[in-house]
There are 2 protein chains.
Amino acid sequence: MKNQFITPDGYTSDIAVFTITSEQVGEYKPPKKELKIMLIKRSELDHEGNPNREAGKWALPGGFVRPGETAFQAAERKLAEETGVEGLKIKHFGVYDSPGRDLRGWIISNAHYVIANEAALRSRKKTYDASEIELFSLEEAVELDFAFDHRTIIDDALWFIKKDMALTTLAKHFLPEEFVLSELQGVLLTMLDDPSISTDAAFFRKAPTLPFIEAVCEDGKPKKSNRYSKTPAQLYRFNDFQPIVSVYRNKLQG
Amino acid sequence: MKNQFITPDGYTSDIAVFTITSEQVGEYKPPKKELKIMLIKRSELDHEGNPNREAGKWALPGGFVRPGETAFQAAERKLAEETGVEGLKIKHFGVYDSPGRDLRGWIISNAHYVIANEAALRSRKKTYDASEIELFSLEEAVELDFAFDHRTIIDDALWFIKKDMALTTLAKHFLPEEFVLSELQGVLLTMLDDPSISTDAAFFRKAPTLPFIEAVCEDGKPKKSNRYSKTPAQLYRFNDFQPIVSVYRNKLQG
DNA sequence: CTGTTTAATTAACATTTTGTTAATTGTTAA
DNA sequence: TTAACAATTAACAAAATGTTAATTAAACAG
């Protein structure tokens, strides 16, 4: 161990921003939902007018972490700078540090995923850093030309999101504060393949007993909504219950 | 973005090594099991004879990642160098990059946990880097004086291990290749608090149906062991089944 | 006004899993 | 022989799930 260590050439924070878009498919019908990822196209020139590495390719939003801040704080900052979005769920899921992953040198990427509900993303904007910013479905995304190892990072992010969706109340961040069961079901089905979710009778019987959601009341009466059906549907909200599951206790899928 | 980025002063790989020790409590009895963590005492002088930062304090094994290797590879290397142990389950669980966490400068720690079964640790050794290397129970560990933010890292590691223990077949790495149900139960109980594990009748009824373990056979007959009981007990081994649980499908604890 | 349509539920019932307490089994050691 | 004891297995009520069918409530067409 020397006093003067060999140091990396850079430390970046990258963010895979996911959202679920709703496409209105008819009046009084649950909308068609689709998982999308937000990507930016790297501009030809950087802030100072120098040619940008990997220009023209698609990449995750992100950038260099500044001294005095953490990668998490950098993620918040970059997300605000590049997309104009604040106050979202940000979670670290991995570090990418293979030699050669970035031609500029030894650069370590601290990767995060972000869940945004559609409403939050409405405020997004273009900036000098991103010549283009766009939402892609995952089918579209596989066709793109990615900068660095961002394709791998995105694949991993997706895996972590699916896992967290099944094991935690992550779905909350894709939904509005108050939602109906078919909305929750729709969100879950974009990511998870499980008969206990896709079978209506099973889902509607089980969901109201889930300890981490609760029916919304107004003036002591159940609060209902007609936004997706003629029949008024009960509104629910997430509470703070943190569910715990175990492979030794519970019945397993597959 | 400049061509010459501001760079961190170092990138380290730290490893929280856990094992479960078995204390023989009598013949034909399941042993008393206890979770322990391996720590090293930072030596007074480094390789080159200079005074070491945070000397005399307890710390996780680890060290600087070299250019050309990943933090994961560094973890493997350091683990071999400092403890003489190879071939263990290593898993990344977090990054520690708060400004000021290391007085030597802006130093980023990529943290891993390692699960070792007791047999693997028998080969551990002292080296020039670690003036002392020792296993501590978690009760003992809370009393220690830790270098850097290693106390926080250990707390987090423990949380991740408990989670992975409940959600994956991680328990496998604490056990020998072939084990008896009471051994599995003992390992699980050192980390998890669940009546379906601690209640013998429930555990012994459920365990043989778990899809990720299977009874060991020899010459077409069930293979049994007397190592912890007079009654011969069936031996099991983990297979490659990856269990999946979901908070929306399964009954929840708490 | 009346029947039709559709999402949102609820019902019903057989099947599986649990929670729980009690009984068996196989082996050693007195 | 028998006591002891870990390792099972049995037994049965209570809960949860898989599945198919029925009900409900509003909107809309006629």
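Just so we're on the same page: letters track the sequence lines, and every chain starts at 1.
With sequence neighbours left out, B:Asp155 forms a side-chain contact (heavy atoms from CB on, under 4.5 Å) with B:Arg151. Remark: A:Asp156 pairs with no residue by the salt bridge (charged side-chain N to carboxylate O under 4.0 Å, His left out) rule, at least two apart or across chains. Here A:Arg205 pairs with nothing under the salt bridge (charged side-chain N to carboxylate O under 4.0 Å, His left out) rule; sequence neighbours left out. Every residue was checked against the ring-ring contact (aromatic ring centres under 6.0 Å, His included) condition with B:Tyr96, not counting sequence neighbours, and none meets it. In terms of the side chain to side chain donor-acceptor pair (under 3.5 Å) criterion, A:Thr168 has no residue partners (sequence neighbours excluded). The side chain to side chain donor-acceptor pair (under 3.5 Å) check on A:Asn117 picks up nothing, with sequence neighbours excluded. With sequence neighbours left out, the side-chain contact (heavy atoms from CB on, under 4.5 Å) criterion links A:Ala166 to A:Leu192, B:Ser246. Among residues two or more places apart in sequence or in another chain, the side-chain contact (heavy atoms from CB on, under 4.5 Å) test is passed with B:Ala201 by none.
Checking B:Thr199 against A:Thr231, the closest nucleotide of DNA chain C that is more toward the 5' end is the one next to A:Thr231.
The shortest distance between the side-chain N/O atoms of A:Ser196 and the OP1/OP2 oxygens of D:dG18 is not below 4.0 Å.
Judged as a side chain to side chain donor-acceptor pair (under 3.5 Å), the pairs with a partner in residues 21-39 of chain A (not counting sequence neighbours) are, in order, A:Ser22-A:Lys33.
Heavy-atom distances under 4.0 Å link DNA chain C to B:Glu27, B:Tyr28 of residues 26-35 of chain B, given in residue order. Near DNA chain C, meaning a heavy atom under 4.0 Å from it, residues 220-230 of chain B has B:Lys230 in order of number.
As rounded to whole Å, 21 Å separates atom P of D:dC5 from atom CG of B:Leu181. If you measure from atom CG of B:Asp200 to atom C1' of D:dT9, you get 13 Å, rounded to the nearest angstrom. Distance, B:Phe204 CZ to C:dG19 P: 17 Å, rounded to whole Å.
Side-chain contact check for B:Asn110 and B:His92: at least one donor-acceptor pair (N or O, by modelled atom type) lies under 3.5 Å.
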Pairwise N/O distances under 3.5 Å, protein to nucleotides 11-14 of chain C:
from, atom 1, to, atom 2, distance (Å)
C:dA12, N6, A:Arg205, NH1, 3.3

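For A:Lys206, whose side chain is taken as the heavy atoms from C-beta onward, the closest listed nucleotide among D:dA16, D:dA7, C:dT9 is D:dA16.
Across all strands shown, D:dT1 is found opposite C:dA30 as a Watson-Crick or G-U wobble partner, with both distances under 3.5 Å.
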